[in-house]
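Working notes, structure below.
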Protein chains: 2
Amino acid sequence: MTATAKEPRAHQESQEPQEPQGNPRKRRAILNAAGTVFLRDGFTRAGIDAIAAEAKVSKQTVYNHFGDKERLFMAMTDDVQDRTVAHVMELMDRDFPDPSKLTGPEDLRAALLQLAGEWIRVVYTGPLVALRKLVDAESEHHPYLQQRWFTNGPSRTMPRLNRLLSALARAGLLDVPAEVLDVPDLLAYQLTAMAGSAVRRIEPGVDFEAEFQRRVAQGVDFFLRAYAPR
Amino acid sequence: MTATAKEPRAHQESQEPQEPQGNPRKRRAILNAAGTVFLRDGFTRAGIDAIAAEAKVSKQTVYNHFGDKERLFMAMTDDVQDRTVAHVMELMDRDFPDPSKLTGPEDLRAALLQLAGEWIRVVYTGPLVALRKLVDAESEHHPYLQQRWFTNGPSRTMPRLNRLLSALARAGLLDVPAEVLDVPDLLAYQLTAMAGSAVRRIEPGVDFEAEFQRRVAQGVDFFLRAYAPR
DNA sequence: AAAAATATGGACTCACTAGTCCAGCTATCG
DNA sequence: CGATAGCTGGACTAGTGAGTCCATATTTTT
């Protein structure tokens with residue numbers, strides 16, 4: 001009878017203070033279990049009992065930590081997104097070369113290939129796709145989920161990628177019209193959406209890795225065909 | 001006690017014979033109601049009782065016609081898709097000009113704008129998006145749903161659009177490299193994915209229609225920037 | 001007009017789930 | 001060491017939803 005939902009709920013707006021009550025190790029275990037079970041079964045079908053079992057924790061503990069199913073779902077979503085965003089950010093630091101160091105168009109292509117490939121891999125294979133589907137499916141019933149998703153994810157990564165690509169344009173390595181540069185995140189969207197064709201159904205039986213690379217390359221080449229200076 | 005699921009179920013493979021038992025008007029009413037309720041509430045939350053009520057039909061009648069919830073869902077999905085595909089096909093007939101009649105690049109741009117705009121409007125606003133989300137969300141649990149979706153929808157429309165675009169390339173109005181032409185549906189995908197940026201979250205408060213048009217134009221211009229001959 | 005097929009509505013079974021309550025157990029920390 | 005916060009497991013409430021059954025009514029076909 002510790003925390004039977006004291007706060008009057010502060011969803012809509014922003015960050016619930018959420019003092020980290022209880023043992024953090026249990027909290028982690030529950031969060032992970034929630035990830036597993038929600039992603040496997042979907043929001044409605046997933047049972048708190050199943051999550052508690054998966055986390056090797058009693059049901060009451062789940063309620064002590066997270067209050068109710070919906071808040072548990074949100075906490076799990078935030079958690080997965082935070083870790084993914086960190087991953088993607090690191091990726092951009094690591095794989096994106098200093099524009100001034102690129103010697104020729106082949107270098108540029110290689111860099112984009114590397115970056116777009118890793119980006120797509122992280123964002124579109126792995127648990128994030130499934131999670132996105134869930135959020136999408138639930139968003140009809142919990143509209144703020146959508147907004148939260150964007151605020152928490154794409155709104156953090158896309159401007160970053162867009163800045164990197166704009167820098168290439170400024171350095172003369174890409175020839176991008178001003179109308180495009182002026183629209184927030186558009187350039188980043190164009191690159192990732194194209195490379196995202198990598199996500200279209202890959203026939204079973206086909207070598208996934210090879211096909212994946214091929215499609216990322218198609219996307220990057222389309223992007224370059226539009227914006228490579230000549 | 002007419003049809004308590006006699007057939008041993010023939011999902012996985014192809015078309016259930018499904019002789020149209022019962023009154024077709026009731027069948028239509030149920031299908032429409034199923035559309036409304038499933039799309040509003042999602043698969044799990046939607047109740048057969050609610051659907052029956054919406055269709056002004058008794059619960060038993062629903063079961064007589066469709067056997068169970070899952071088959072009802074599939075029948076509804078097929079129905080919506082069939083009607084959408086018909087719509088899109090008609091659109092292509094209507095809006096896509098004879099390549100030989102196009103006099104200049106401005107004509108081409110206008111034609112693509114028209115076609116892509118209508119296409120995106122039909123496919124990405126309206127009930128189909130919501131349905132797609134549902135199928136996506138359920139596909140974890142009923143894997144054949146995905147395949148059925150593609151077979152029934154994109155597999156019918158994309159090759160058609162691709163053929164139209166290829167014709168433009170053949171007529172010299174677009175300059176598309178052979179590697180692209182050789183990949184099935186790639187060209188069509190590139191156009192629609194680009195114009196599909198129109199679907200990215202439009203801020204509430206912004207004039208939807210204007211913003212929509214602007215984005216479709218961005219997509220088409222990107223496409224043309226890559227493939228317009230010079 | 002009789003026979004056959006369908007539709008109705010309401011009662012019923014069965015399974016399942018969110019969330020609560022509680023009495024006893026365990027780890028932690030002053 | 002003893003108090004306290006957190007954890008456990010299981011029993012319990014209250015609600016919901018799929019699918020069935022059936023006696024009665026309505027519609028369609030012959």
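Computed over heavy atoms, backbone and side chain alike; hydrogens, waters and symmetry mates excluded. A, B, ... follow the sequence lines: proteins, then strands. Residue 1 opens every chain.
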Minimum-distance nucleotide (side-chain atoms of A:Asn64 versus D:dA18, D:dC7, D:dG9): D:dC7

Quiz item: B:Lys59 side-chain donor-acceptor pair to C:dG9 base, under 3.5 Å: no

B:Leu72 CG to D:dG17 C1', straight-line distance once rounded to whole Å: 15 Å

Selected nucleotide, minimal atom distance to A:His65 side chain, candidates C:dT8, C:dA18, D:dC7: D:dC7

Nucleotide nearest B:Thr61 (side chain, heavy atoms from C-beta), chosen from D:dC7, C:dA7, D:dT20: C:dA7

Sugar-phosphate, base or nothing in reach of A:Ala53, heavy atoms under 4.0 Å: nothing

Sugar-phosphate, base or nothing in reach of B:Ala55, heavy atoms under 4.0 Å: nothing

d(CZ, A:Arg45; C1', D:dT16) in whole Å: 15 Å

Gap between atoms NZ and C1', on A:Lys26 and D:dG9 respectively (whole Å): 13 Å

Ion pair check, B:Arg160 and B:Asp93, cut-off under 4.0 Å: yes

Check: A:Asp136/A:Gln146 side-chain N/O donor and acceptor closer than 3.5 Å: yes

Rounded distance in Å - CG (B:Asn23) to C1' (C:dT8): 14 Å

Ring centroid separation A:Phe222 to B:Phe222 under 6.0 Å: yes

Phosphate-side-chain proximity, B:Lys56 and C:dA7, N/O vs OP1/OP2 below 4.0 Å: no

Atom pair distance, as rounded to whole Å: CD1 in A:Ile30 and C1' in D:dT8: 12 Å

Between C1' of C:dT28 and CZ of A:Arg25, the distance in whole Å: 13 Å

Proximal nucleotide (of D:dA18, C:dA18, D:dG6) relative to the B:Lys69 side chain: D:dA18

Atom-pair distance (OH on A:Tyr63; P on C:dC22), nearest Å: 17 Å

Verdict with supporting geometry, B:Asp95 and B:Glu118, side-chain contact (heavy atoms from CB on, under 4.5 Å): CA-CA 9 Å; B:Asp95 292 341; B:Glu118 290 301 321; 3.8 Å; yes

Toward the 5' end of DNA chain C, by each residue's nearest nucleotide, B:Val57 or A:Phe43: B:Val57

Beyond-backbone contact of A:Thr44 with B:Phe43, side-chain heavy atoms, under 4.5 angstrom: no

Length of the line joining B:Phe73:CZ and D:dG19:C1', which is rounded to integer Å: 19 Å

Minimum-distance nucleotide to B:Gln60 side chain [options: D:dC7, C:dA18, D:dC21]: D:dC21

